[in-house]
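Being a predicted model, the structure only gives us computed values, none of them experimental. All heavy atoms count here, side chains included; hydrogens, waters and symmetry mates do not. Just follow the structure's listing: the first ligand is 1, and inside any ligand the first atom is 1.
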Amino acid sequence: MRTSYRTAYGPPDVLTVREMPIPEPGPGELLVRVRAATVNRTDCGALWGKPYIFRFFVGWPRPREVATGTDFAGEVVAIGSGVTRFATGDRVMSFHDHGLGSHAQYLRVSERRPIVRIPDGVSLEAAAASMEGAHYARNFLRCVPLKPGDAVLVNGATGAIGSAAIALLKNAGAIVTAVCAEPHRAAVAALGADRTIDYLRAPFTAQLEGETFAFVFDAVGKSSFGESRPLLAKTGVYLSSELGPRGENPFLALIAPLMRGPKVRFPVPTDIPQSLALVSSLLAQGVYKPLIDRRYALDDIREAFTYVNSGQKIGNVLLTFD
Ligand SMILES: NC(=O)c1ccc[n+]([C@@H]2O[C@H](COP(=O)([O-])OP(=O)(O)OC[C@H]3O[C@@H](n4cnc5c(N)ncnc54)[C@H](OP(=O)(O)O)[C@@H]3O)[C@@H](O)[C@H]2O)c1
């Protein structure tokens, strides 16, 4: 089989694609033929080993997994002894932010990992593109008391997390104002956003002056609490996927109980099984349609990482293996 391979942290140059024997599933393990996976911003963190603190989770002093990849959609082609939850032929999907080594044609994985069946009628590509962004979006949104009818602003609506957040917010009955660049307004509106704002015309804070939101979710971490505060209701909450200027967001979240007015929350994403259960249910109902940007063959994995790391991808970038 062909697999991505690296033994050190660094830019895409450290990554090669090489031939390896197809692994045998051991007791309690599945052998999955990977059909689609994403190259995402979490993969970039695991390739570069940055922020450095991430190395405590993905391997210190070198990466634990030689293959990159945090998610996959594929078919179970063999099972080891004692496997009870899955059978050969099952279509399955999985995500783990600390790495699965899934940028490979075949993958040996314990059935105790968070793995779910792909609902009938859902393509393997759609399944692969539905996990990383949705996991983070769900974790941010579940830390606020969201109600149907709440006005929510999503900055970075075109990203993997932002586009997933729109789908989850609309499913929860929120009224969504989405910030993106003019060329992507149609794609973001198609996700269900009630209104789109082009941040290239003027900062979204200026364009929305005088309006009030229950929550501001900066899914690309390009704003700050200070800039967004005038847009928040007194009980409003600011969420950001990034640490913020001078790393202030975790600190502001820590002192939130001491603050009057709008607050910051900065959750540590957990509970991947619940995220997978949610996306699989929404995919089955046909109410979750991931935004897919482009596809790269496994042999072009370096180019895929370079593009994803540019911060300009639209939704999700797929890696294909055939
Ligand atoms: N906290 C966590 O646990 C966690 C986990 C994973 C990722 N992250 C971080 O989350 C961030 C988002 O990741 P992602 O994969 O969703 O993003 P992404 O897909 O890389 O987002 C790229 C999109 O963001 C938009 N964008 C770029 N600059 C912008 C700006 N100034 N204002 C508004 N939109 C802008 C661009 O769309 P337009 O052309 O439409 O502007 C671009 O297509 C990354 O910084 C990543 O490191 C955090």
Side-chain angles (χ1 to χ4, degrees), residues 38-54 57-58 70-71 95-99 129-143 153-168 177-191 193 196-208 216-224 227-228 238-245 247-250 253 264-272 275 290-294 304-318:
T38 66
V39 176
N40 55 54
R41 296 291 295 264
T42 307
D43 291 318
C44 290
L47 180 67
W48 269 263
K50 288 182 185 166
Y52 284 98
I53 194 164
F54 198 33
F57 303 103
V58 295
T70 45
D71 58 21
F95 165 74
H96 202 290
D97 47 357
H98 298 170
S130 296
M131 293 178 276
E132 193 247 8
H135 170 62
Y136 296 121
R138 184 185 81 88
N139 268 276
F140 278 94
L141 297 175
R142 78 186 168 121
C143 78
L153 176 81
V154 178
N155 187 40
T158 337
I161 301 174
S163 57
I166 294 173
L168 299 186
T177 298
V179 180
C180 62
E182 172 63 30
H184 306 134
R185 284 176 100 149
V188 168
L191 294 170
T196 55
I197 302 287
D198 172 17
Y199 70 92
L200 297 178
R201 206 158 59 79
F204 70 83
T205 43
Q207 294 187 59
L208 296 167
V216 170
F217 178 24
D218 187 347
V220 281
K222 300 285 186 190
S223 67
S224 68
E227 287 161 4
S228 304
Y238 175 80
L239 302 159
S240 172
S241 64
E242 283 290 343
L243 299 171
E248 68 182 20
N249 290 336
V264 176
R265 298 254 167 89
F266 194 77
V268 175
T270 56
D271 203 358
I272 293 168
S275 298
L291 196 54
I292 295 177
D293 180 336
R294 52 174 91 165
F305 268 98
T306 302
Y307 177 56
V308 171
N309 197 55
S310 72
Q312 291 305 315
K313 74 175 162 64
I314 306 306
N316 301 276
V317 168
L318 287 168

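Using cut-offs of 30° and 60° for the angle between ring planes, the His135 and Phe95 rings count as tilted.
Applying the salt bridge (Lys or Arg N to Asp or Glu O under 4.0 Å) rule to Arg185 yields the partners Glu182; only residues at least two apart in sequence or on another chain are considered. Listed by chain and number, the residues in a side chain to side chain donor-acceptor pair (under 3.5 Å) with Ser163 amount to none (sequence neighbours excluded).
Distance CZ/Phe57 to OG1/Thr42: 13.0 Å, rounded to 0.5 Å.
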Side-chain donor-acceptor distances from residues 265-272 under 3.5 Å, at least two apart:
residue, atom, partner, partner atom, Å
Arg265, NH1, Cys143, O, 2.6
Thr270, OG1, Arg142, NH2, 2.9

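For a heavy-atom separation below 4.0 Å, the residues in contact with ligand 1 are Arg41, Thr42, Tyr136, Phe140, Asn155, Gly156, Thr158, Gly159, Ala160, Ile161, Cys180, Ala181, His184, Tyr199, Ala219, Val220, Lys222, Ser241, Glu242, Pro269, Gly311, Gln312, Lys313, Ile314, Gly315.
Under the 3.5 Å distance criterion, the side-chain polar atoms of Asp293 are matched with a main-chain donor or acceptor of Ile314.
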